[in-house]
Each structure stands twice: as structure tokens, then as C-alpha cells.
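In what follows, a structure is listed as C-alpha cells, so that the remarks can point back to it.
Each chain gets a letter, A, B and so on, in the order the sequences are listed, and its residues count up from 1.
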2 protein chains.
Amino acid sequence: MRIGELSERTGTSRRLLRYYEEQGLIVSSRSPNGYRSYDENLVDRVLQIRGLLDAGLPTRIIKQILPCLNKPRVIHFPDATPEMLSTLTLERDRMTQRIECLIRNRDAVSEYLDTVSAGATPDRIPQASAAR
Amino acid sequence: MRIGELSERTGTSRRLLRYYEEQGLIVSSRSPNGYRSYDENLVDRVLQIRGLLDAGLPTRIIKQILPCLNKPRVIHFPDATPEMLSTLTLERDRMTQRIECLIRNRDAVSEYLDTVSAGATPDRIPQASAAR
DNA sequence: CCGTAGCCTCACATGCGTGTGAGGGTGAGG
DNA sequence: CCTCACCCTCACACGCATGTGAGGCTACGG
């Protein structure tokens with residue numbers, strides 16, 4: 001597919017798709033006329049990239065963790081240098097930290113919302129405010 | 001405490017502490033000499049801010065969710081305007097999405113690491129090369 | 001054949017979190 | 001008194017993800 005379709009199907013501007021390519025996150029072949037041509041599976045990959053970017057990972061790191069997500073997981077680990085493995089390990093741990101932080105805060109927000117909607121929507125039920 | 005101590009205890013540059021204050025994420029009182037003076041509990045708050053920033057939330061949003069995390073959770077929900085509640089709800093859902101995305105990818109990375117270390121090391125004594 | 005829609009490259013711009021440094025005050029210790 | 005370690009404000013700069021637009025090609029439909 002061409003860039004316009006990929007853009008629409010992923011909700012990502014053409015500009016960004018070219019940027020991701022420039023950063024080595026996705027690849028494209030070129031049609032004879034010079035147009036970029038994308039494989040079907042790039043839709044998922046782009047969505048994944050967007051999710052990770054949104055979660056605070058820089059493209060540099062995303063580029064390193066993306067290869068871990070290809071379906072044929074078996075074949076491609078001869079190229080793993082030890083320092084790359086340690087980077088991955090470190091980054092995995094940082095992801096875990098992020099997850100924990102997000103969960104903590106999301107739960108707090110959620111609890112707050114529950115409390116408010118319990119206390120505000122029905123005529124104000126007082127004992128709800130004493131909860132916790 | 002003064003900014004230097006807070007900086008050291010949170011691993012955050014003075015510059016950033018002032019920036020967070022400017023963005024309304026933390027507050028400080030001023031000593032007669034003009035020095036900022038911080039409350040003890042700001043240590044935790046700053047760490048929380050850092051975690052959320054690292055997880056991709058902008059200060060604008062962090063500022064809105066921070067009030068949900070004060071210990072005396074009881075007192076301060078009269079100020080909740082309906083549109084602020086919907087913002088919070090939306091943001092909570094976005095956090096959930098982030099969490100799911102991070103978990104998926106972290107698990108994939110983890111599995112990859114497991115596969116590699118299981119497949120690559122057994123030849124030459126594994127725990128030796130794994131020693132860190 | 002022309003218009004128009006899609007693609008190309010290139011380059012400048014913006015918002016945000018962060019670094020760095022200049023220029024200057026404060027206050028405790030030798 | 002002077003030094004040194006802190007603090008202050010202000011302003012410029014950077015990296016990164018993203019927007020915007022200029023200038024120019026391609027190719028299909030009327």
C-alpha cells in the first residue's frame with residue numbers, strides 16, 4: 001500500500017511515517033515511480049510504535065525492542081551482542097517501572113473518580129466521603 | 001528544606017524543580033532571603049512527577065491528576081467541575097492503554113531475552129557469562 | 001490535454017522537557 | 001574581610017516528535 005493508505009489506517013501523518021522510516025523503525029520499498037510501498041503488516045507495527053512513543057520511549061529504544069516482536073521469534077538471535085542484551089534488559093526493567101508508576105497513579109485517579117461520582121451524583125451520600 | 005537538598009534527594013536538577021513549580025506542579029514558600037523552602041512531602045511528589053513524565057504524560061495533565069493523590073482524600077472534591085471529571089476519566093483510560101501497551105511489549109522483550117539466554121549460553125557455562 | 005490528487009524531497013517552525021551559563025545576592029567559616 | 005557554597009532570575013540552546021508549506025514529479029479521469 002502507499003503512504004496515504006497507511007497514514008489513514010494508522011491515524012499517523014505522512015510526515016511521521018517518513019520520519020519513522022528515517023529513524024529506522026519501519027521500512028518501505030519503492031515503486032518504479034518513486035512512491036513508497038508498504039507491506040500490510042506495517043499497519044500493526046506503526047500502531048505499536050505509536051503506543052510506545054506515547055508511553056515515553058524514544059525512537060532510539062523502540063528501534064531496539066522492535067526486533068523482539070517479529071513473529072518468527074526463533075531465527076534471529078545470533079545477532080544479539082552482549083551489550084545489546086544488557087540494554088534490552090535495562091530497558092525492560094524501565095518499562096516495568098513505568099508500568100508500576102502508571103498503575104499506581106491510574107488506580108488513584110480511578111479511586112478519586114469513584115469517590116466523587118459516589119458522593120456527588122446521588123444527592124450526596126456522606127459516608128462515601130469517609131471511605132479510605 | 002532548600003532546593004539543593006530536594007534536588008539531591010530526588011535526583012532532579014534545580015532547574016527542573018523550578019520548572020515544575022512554574023508549571024504549577026509543586027509549590028514552595030520563600031525564606032526571608034528569597035530562597036525557596038520546600039516541605040518534606042515534596043520529595044515523594046517530585047518522584048511521582050518524574051515517573052509520570054517519564055511515562056509520557058505532559059505537565060499539563062500531571063497537574064490535573066496530582067490533586068487526586070493527596071492523603072486527605074476526603075476534603076477536596078467540591079471543586080470538581082464536570083468537564084474536569086471527563087478529562088480525568090479520559091486520561092485514566094489513556095493511562096490504561098499505555099499500561100496495556102507497555103505490558104505487551106515488555107513481556108515480548110522479556111520472552112525474547114529468555115529465549116536468547118536459554119538458547120545461546122548453555123554451550124559455555126551459562127552463569128559465568130551471566131555474571132554481572 | 002488538462003486538472004487534480006497523491007506522492008516526492010527539503011527545510012523551516014513549534015512545543016516541551018531539559019541543560020548551561022551569565023550576572024548577582026546571602027551567609028557561614030577561616 | 002574574603003571566600004566559598006548556596007541561592008536567585010533570566011535567557012539562550014538543544015533534542016525530539018511533530019506540523020507546515022514550498023517546489024516539483026506522476027498518473028488517472030473527464
Side-chain angles (χ1 to χ4, degrees), chain A residues 1-39 42-43 45-66 91 94 97-98 101-102 105, chain B residues 1-39 42-43 45-66 91 94 97-98 101-102 105:
Chain A
M1 85 192 73
R2 285 176 307 177
I3 201 171
E5 185 181 346
L6 185 58
S7 169
E8 243 175 66
R9 287 175 64 185
T10 59
T12 306
S13 73
R14 289 140 217 251
R15 171 71 170 89
L16 279 185
L17 292 174
R18 299 194 189 102
Y19 175 68
Y20 296 157
E21 179 172 345
E22 185 186 307
Q23 300 302 306
L25 302 184
I26 56 178
V27 289
S28 70
S29 51
R30 294 296 179 117
S31 302
N33 56 13
Y35 288 10
R36 265 166 265 254
S37 177
Y38 296 102
D39 193 284
L42 282 229
V43 175
R45 169 161 290 221
V46 168
L47 290 176
Q48 193 136 36
I49 292 169
R50 304 232 82 202
L52 289 171
L53 277 174
D54 182 63
L57 282 78
T59 54
R60 209 191 91 250
I61 299 300
I62 296 177
K63 184 178 174 178
Q64 295 195 282
I65 81 175
L66 274 183
E91 213 53 42
R94 282 175 49 76
Q97 280 177 245
R98 278 196 189 88
C101 174
L102 280 171
N105 285 282
Chain B
M1 86 193 73
R2 284 177 308 177
I3 201 172
E5 185 181 346
L6 185 57
S7 168
E8 241 175 68
R9 287 174 66 185
T10 59
T12 306
S13 72
R14 291 139 215 251
R15 170 71 170 90
L16 280 185
L17 292 175
R18 299 195 190 102
Y19 175 68
Y20 297 158
E21 180 172 344
E22 185 186 307
Q23 301 302 306
L25 302 184
I26 57 179
V27 288
S28 70
S29 51
R30 294 298 180 116
S31 302
N33 56 13
Y35 289 9
R36 266 165 263 254
S37 177
Y38 296 101
D39 193 285
L42 282 229
V43 175
R45 169 161 290 221
V46 169
L47 290 176
Q48 192 136 35
I49 292 170
R50 303 230 83 201
L52 290 171
L53 277 173
D54 182 64
L57 283 79
T59 54
R60 209 191 90 251
I61 300 299
I62 296 176
K63 184 177 174 180
Q64 295 194 283
I65 83 175
L66 274 182
E91 214 52 41
R94 282 175 50 76
Q97 281 177 243
R98 278 196 189 91
C101 174
L102 280 171
N105 285 281

Worksheet item: Nearest to the side chain of B/R36, which nucleotide is it out of C/dG19, D/dC8, D/dT18?
Response: D/dC8

Fill in: Separation of C/dG17 P from B/L17 CG (nearest whole Å)
14 Å

Worksheet item: Which nucleotide in the set C/dT26, C/dC7, D/dT18 lies at the smallest distance from any side-chain heavy atom of A/Y35?
Response: C/dC7

Worksheet entry | Atom-pair distance (CZ on A/R15; P on D/dA22), nearest Å | 16 Å

Fill in: Main-chain N/O of A/T12 paired with A/S7 side-chain donor or acceptor, under 3.5 Å
yes

Worksheet item: Near DNA chain D, which residues from residues 21-32 of chain A have a heavy atom under 4.0 Å away?
Response: none

Worksheet item: Which of these nucleotides, C/dG17, D/dC7, D/dG19, is closest to any side-chain atom of B/R14?
Response: D/dC7

Worksheet item: Are any of B/Y19's side-chain N or O atoms less than 4.0 Å away from OP1 or OP2 of C/dG19?
Response: no

Worksheet entry | Rounded interatomic separation in angstrom, taking CZ from B/R60 and P from C/dG17 | 10 Å

Worksheet item: Going by an N to O cut-off under 4.0 Å, is there a salt bridge joining A/R94 and B/D54?
Response: yes

Worksheet, complete the sentence: Testing D/dA17, C/dT18, D/dC7 for proximity to the side chain of B/R2, the answer is D/dC7

Discussion item. Does a side-chain N or O of B/N33 approach OP1 or OP2 of C/dG27 to a distance below 4.0 Å, or not?
Written reply: yes

Discussion item. Is the phosphate of D/dC16 approached by A/T59 (side-chain N or O, under 4.0 Å from OP1 or OP2)?
Written reply: no

Worksheet item: Just how far, in rounded Å, is P of D/dT18 from CG of A/D54?
Response: 9 Å

Discussion item. Can you confirm whether more than 12 heavy atoms, excluding those of A/R30, are under 6.0 Å from its CZ atom?
Written reply: yes

Item to complete: Using atom NZ of B/K63 as one end and atom P of C/dC16 as the other, report the distance to the nearest whole Å.
Response: 13 Å

Worksheet item: Reckon A/S13 has a side-chain N or O less than 4.0 Å from the OP1 or OP2 of D/dT18?
Response: no

Practice prompt. Nearest whole angstrom, please: distance from the P of D/dC7 to the CG of B/L6.
Written response: 10 Å

Worksheet item: Expressed in angstrom and rounded to an integer, what is the separation of B/Y38 atom OH from D/dC6 atom P?
Response: 16 Å

Item to complete: Test side-chain contact (heavy atoms from CB on, under 4.5 Å) on B/I3 and B/R18 and set out the steps.
Response: CA-CA 9 Å; B/I3 201 172; B/R18 299 195 190 102; 3.7 Å; yes

Discussion item. Pair B/I62, B/Q23 - check side-chain contact (heavy atoms from CB on, under 4.5 Å), show working.
Written reply: CA-CA 10 Å; B/I62 296 176; B/Q23 301 302 306; over 6 Å; no

Worksheet item: Can you tell me if CD on B/E8 sees more than 12 non-hydrogen neighbours from other groups inside 6.0 Å?
Response: no

Discussion item. Side chain of A/L16, heavy atoms from C-beta onward: which of D/dC16, C/dG19, D/dG19 has the nearest atom to it?
Written reply: D/dG19

Discussion item. Between B/I49 and B/T10, is the side-chain contact (heavy atoms from CB on, under 4.5 Å) condition met? List the steps.
Written reply: CA-CA 10 Å; B/I49 292 170; B/T10 59; over 6 Å; no

Worksheet entry | Candidate pair A/Y20 and A/R50, rule side-chain contact (heavy atoms from CB on, under 4.5 Å), full reasoning | CA-CA 10 Å; A/Y20 296 157; A/R50 304 232 82 202; 3.4 Å; yes

Discussion item. Reading DNA chain D from 5' onward, which residue's closest nucleotide shows up sooner: B/G4 or A/L57?
Written reply: B/G4

Practice prompt. Consider the side chain of A/R18, meaning its heavy atoms from C-beta on, and name the nucleotide among D/dC16, D/dC7, C/dC8 that approaches it most closely.
Written response: C/dC8

Worksheet item: Could you state the CG-P distance from A/L53 to D/dG19, rounded to the nearest angstrom?
Response: 12 Å

